[in-house]
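Notes follow the structure.
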Amino acid sequence: MTQFVTATATVGETGPLRKVVDGFNAVQFEILAKGVRSAADWEPMGEFIDVANFKRVGAYLEVLNFADYCEFLAGWAAGGTQFEFTEFHVTEVGNTLFQEIEERHTRGTEFIRKNVIAVYRFNAANKIVHLDIYEQAKESGDWIRHAAKEAMNG
């Protein structure tokens, strides 16, 4: 039997899953600000992730474990990628957080704007075990597609 979980309240305080995602995003921005030299630079994200069980499914349906995700991010960040986003909506329901954002990626003279829904799923210890990325974009950026393909073929 299918079970349905609904969100029926709006609160003015940060929920426990949101705190994890905020920390996860802050670490990513710190890593980018320092400069990425290798996949190992992304390992501090592991503080927020169940590294042994993590799976990310990206916009190109690439499925990455934690090590592959770090490889993908290293390829994505290569060449001085700059990244920022504006958050529009966040919803926590059960063990899942939905984040609606506008992403902006700049690399050299190339600028990409995307509408993204990131769906984070958590284990009982509030560690991220699954991350799905859904996007709308007129152009996704060749360097982003290349990084995803390279991480999958690793």
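Just so we're clear, the structure is a prediction, and the values are computed from it rather than from any experiment.
At least one side-chain heavy atom of Thr86 sits under 4.5 Å from a side-chain heavy atom of Arg104. When side chains are defined from C-beta on, Ile31 counts as touching Met45, because their heavy atoms get closer than 4.5 Å. Using a 4.5 Å cut-off on side-chain heavy atoms (C-beta onward), Val129 and Phe54 make no contact. Two residues are said to be in side-chain contact when any heavy atoms from C-beta on lie closer than 4.5 Å; Asn25 and Gln28 meet this criterion. Annotation: side chain of Gln99 is in contact with side chain of Leu97 (closest heavy-atom distance under 4.5 Å).
Note: Trp76 and His105 have perpendicular aromatic rings, judged against thresholds of 30 and 60 degrees for the angle between ring planes. Between Phe83 and Phe85, the two ring planes are tilted [angle within 30° to 60°].
Glu102 CD to Asn115 CG: the interatomic distance, rounded to the nearest 0.5 Å, is 6.0 Å. Considering NZ of Lys19 and CZ of Phe48, their distance stands at 13.0 Å, rounded to 0.5 Å. Note that CG of Leu73 and CZ of Arg56 are 7.0 Å apart. Values are rounded to the nearest 0.5 Å. Atom-to-atom distance recorded for Asp132:CG and Phe98:CZ is 9.5 Å, nearest 0.5 angstrom. In this structure, CD1 on Ile128 lies 13.5 Å from CG on Asn53, to the nearest 0.5 angstrom. Taking CD from Glu43 and CD1 from Ile49, the interatomic distance works out to 11.0 Å, rounded to the nearest 0.5 Å.
Heavy-atom minimum distance, Leu17 versus Gly94: CD1-O, 3.5 Å. Listed here is the closest heavy atom pair of Ala74 and Val36: CA-CG1, 4.0 Å. Scanning both residues, Pro16 and Asn126, for their nearest heavy atoms gives CB-ND2, 3.9 Å. Nearest heavy atoms, Ala137 versus Arg113: CB-O, 4.1 Å. Here the closest heavy-atom approach between residue Trp42 and residue Ala77 is recorded as CZ2-CB, 4.0 Å.
Dense packing is recorded around NZ of Lys127, with more than 12 heavy atoms of other residues, nucleotides or ligands lying under 6.0 Å away.
Using a distance-only test at 3.5 Å, with no hydrogens or angles considered, a donor-acceptor pair links the side chain of Arg107 to the main chain of Ala78. A donor-acceptor contact shorter than 3.5 Å links the side chain of Asp41 to the backbone of Ser38. Side-chain N or O atoms of Glu92 include one that pairs as donor or acceptor with a backbone N or O of Arg18 at under 3.5 Å. A distance-only check finds no donor-acceptor pair linking the side chain of Asn95 to the backbone of Arg121 [under 3.5 Å].
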(request) Quick one: do His130 and Val119 satisfy side-chain contact (heavy atoms from CB on, under 4.5 Å)? Show the steps, please. (result) CA-CA 8 Å; His130 196 98; Val119 181; over 6 Å; no

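Checked against salt bridge (Lys or Arg N to Asp or Glu O under 4.0 Å), Asp50 has no partners two or more places apart in sequence or in another chain.
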